[in-house]
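The structure under discussion is supplied below as C-alpha cells; questions concerning it will follow.
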Protein chains: 2
Amino acid sequence: MKISVLGEGMHFRSCHDCTARGFAICAALDKTELRELAQLSRHVRFESGATVFAQANIATSFFSVHAGTLRLYKLLPDSRRQIVGFALPGDFLGLPGLPHHEFSADAVGRVTLCQFPKESFATFAEKRPQLLRRMVELAGHELARAHEHMVLLGRRSAEEKIASFLIGWRDRLSGIGRGGEILPLPMKRLDIADHLGLTIETVSRTFSKLERDGVIQTFASGVVLLDAPRAEALSAGVS
Amino acid sequence: MKISVLGEGMHFRSCHDCTARGFAICAALDKTELRELAQLSRHVRFESGATVFAQANIATSFFSVHAGTLRLYKLLPDSRRQIVGFALPGDFLGLPGLPHHEFSADAVGRVTLCQFPKESFATFAEKRPQLLRRMVELAGHELARAHEHMVLLGRRSAEEKIASFLIGWRDRLSGIGRGGEILPLPMKRLDIADHLGLTIETVSRTFSKLERDGVIQTFASGVVLLDAPRAEALSAGVS
DNA sequence: CTGACGGGTTGATCTCAATCAAGGACAACA
DNA sequence: TGTTGTCCTTGATTGAGATCAACCCGTCAG
C-alpha cells in the first residue's frame, strides 16, 4: 500500500477551486470553515490498483474523493468478492461510529483523495450541525442506492443487471458533470461481474448481446448507448 | 391503510419507560429534550399486513419503531419484490433529504411506532448535534448491514443465504434483548424468499435440508439452532 | 520477431435454483 | 362436519447462468 502525499513540486490545490466541491461534504461549509477543514486535511494520491484501506482494518481516517474511481468491496474467506459500489468524486468514505473499515477500497486508475484524521474530523464536525445534516443526507443517498442495488442483485436477470448498471453509471457521471456521448467504464469486466453478482463470462456475453441488439456499442474505453430508451426500459424492469 | 392513534382508552406511554429507548434515536437525548420530542410525536398502531407508507409517496413523517416487525420492500413494475430489510424496535424509518419514500413498509404482525412530522422533527434536530450524530451512526449501521446483504445476494448459495439470515436475525434480536432458545420468525416463507433473492420453494427446501442435517429444528413460530457453530460457518461462507 | 501475459470473447456442458404441479396441515367459518 | 383459503412442503422438469475450455488481441520484454 503506497501513499504519496502531493508534495513540494505540486501546487497546493486550495479547497476553494476544488473540482469536487459542490458534490462533496464541503458543500455544507462556509469560507472560513472550509479553510479550517483544509487545515486538518491532506491530499493523497494512489496509483491504479493500490489499496486505500482494507476491510476490518482499524479506520484512522475519513476520505473525500477528489478525482478518479474506487472500487469498494467485501471478500468472503474463500475469496468470493462482492463490489458493494464504486466511489466517484464527491463521495465520502468512512462511517463515524464504526471503529473498523467495513469494506476494502482500491483505486481504479489513478485516484486523488482528501484525507481527514478521524478524530480531528469528528471534533470539527461535532459543533457544525449543517455538516452533520449533510452527512446524514449523504448517508441517506448511499443507503437508497444500496437498496436499489439489492433489487438488482436479488431480482433482476443478467441483461437487466447490465442495463441497470449502465444507466445508473451514466446518471451518476452526469450528476457530477461528467456526462457525454461515450460512457467511460474505467473498471474491468471482472469488476462489473463482482458488482452485479455475475461471472465475467456472463458479463461479456451480455455486452455482446446488447451490442448485437443495437442497444449499445462497445469501445476499449467504454460504451455508447445507441438505444438509451431500450436500455432504460430494461433497467426499469419493463422487460 | 388504517391508522389508529392510541387514544383515550390507553395509558399514555411516556418515552421515559419506553422499551425501545436505548436502541432508538431517543438514546441521544436528555430528559428535557425527550419530553420536547414526545410533545411532537404520536403513538400509532398498525395491524398485521397494514401498510405504514408506500414507495414513491411523499414522506410527511419519520417513524421510530416501538414494537413489532416491519418488512421494507421495493417492487418492480412487473411485481417482482425485493425486501430490503426488516425493521425492529429502535429502528428509524425515513431519510432526511429525500422527499419521497424510497421503499414501502408494512406490518408483520401488530406494530406500534412513534410518528414524527417531518418538518417539526427536522427543526428539532437542527440544533442538536448529538441527535444528528446519532442519526449518522444509525445510517452508518444501516449501510453496513446493506453492504453485508449485498454480499449475501450476489455471492452466496441458497443454503448460505438461509444460514446467514438466521444468524443475522438471531444477532439482531439478541442486540435488542430478545435473544432466546427459540428464534421467532414472524415473517412468512415468501417474505424470507423475497429478502434473500430466492423462491418460496427453495426457502422451504433449504429449511428442510438444514433440519435433515440437524442444524435447525423448525416450529410454527420459528426455529431452534441445534448446531449454531455449523450455521455460523455456513453464514461466514466457510462452506 | 517471438513468447508470455493480461484482458476479453465465445463455445460446450453442467448445475443450482426456478418453474410447474400436486398435495398436506391447519384455521376460520358456515 | 365439511368447505374454503392460506401457508407450507415435496416432487418432476426446465432453464439461466456458472463452469470448463479454447482462443483472440494488444502490449511488453527479451
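Computed from heavy atoms alone, side chains included, the values below leave out hydrogens, waters and symmetry copies. Just so we're on the same page: letters track the sequence lines, and every chain starts at 1.
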Nearest heavy-atom contact between V44(A) and F46(A) is CG2-CE1, 3.7 Å
| field | Side chain E201(A) and base dC20(D) donor-acceptor under 3.5 Å | value | yes
Between CD of E211(B) and P of dT9(D) the distance, given in whole Å, is 9 Å
Report which part of the nucleic acid T199(A) touches: base, sugar-phosphate, or nothing (heavy-atom distance under 4.0 Å, all strands). base
Inset, instruction - Please state whether the base of dG8(C) and the side chain of R205(A) form at least one donor-acceptor pair under 3.5 Å? - result: no
Does a nitrogen or oxygen in the side chain of S208(B) sit under 4.0 Å from OP1 or OP2 of dT9(D)?
no
Which of K74(A), E102(A), Q82(A) passes side-chain hydrogen bond (donor to acceptor under 3.5 Å, both in side chains) with H147(B)? Answer is E102(A)
The residue, V203(B) or G197(A), whose nearest nucleotide of DNA chain D is more 5′ is V203(B)
Ion pair check, E148(B) and R145(B), cut-off under 4.0 Å: no
#### Entry: Test: D194(B) and K188(B) ion pair at under 4.0 Å
no
Here the distance between atom P of dG17(D) and atom CG of L198(B), to the nearest Å, is 15 Å
Among the nucleotides dT9(D), dT9(C), dG17(D), whichever has the atom closest to the side chain of I200(B) is dT9(D)
Atom CZ of R155(B) and atom P of dC16(C) are separated, to the nearest Å, by 16 Å
Is the number of heavy atoms from other residues, nucleotides or ligands within 6.0 Å of CZ (R178(B)) greater than 12?
-> no
Whole-Å distance, L185(B) CG to dC8(D) C1', equals 14 Å
In whole angstroms, the gap separating P of dT9(C) from CD1 of I192(A) amounts to 9 Å
Rounded to whole Å, CD of E159(B) lies from C1' of dC16(C) at a distance of 12 Å
K188(B) NZ to dG5(D) C1', in whole Å, measures 13 Å
In whole angstroms, the gap separating P of dC8(D) from CG of L190(B) amounts to 8 Å
**Prompt:** Would you say a side-chain N or O of S204(A) is under 4.0 Å from OP1 or OP2 of dT10(C)?
**Reply:** no
Exercise. Establish whether the base of dT10(C) is bridged to the side chain of R189(A) by a donor-acceptor pair shorter than 3.5 Å.
Key: no
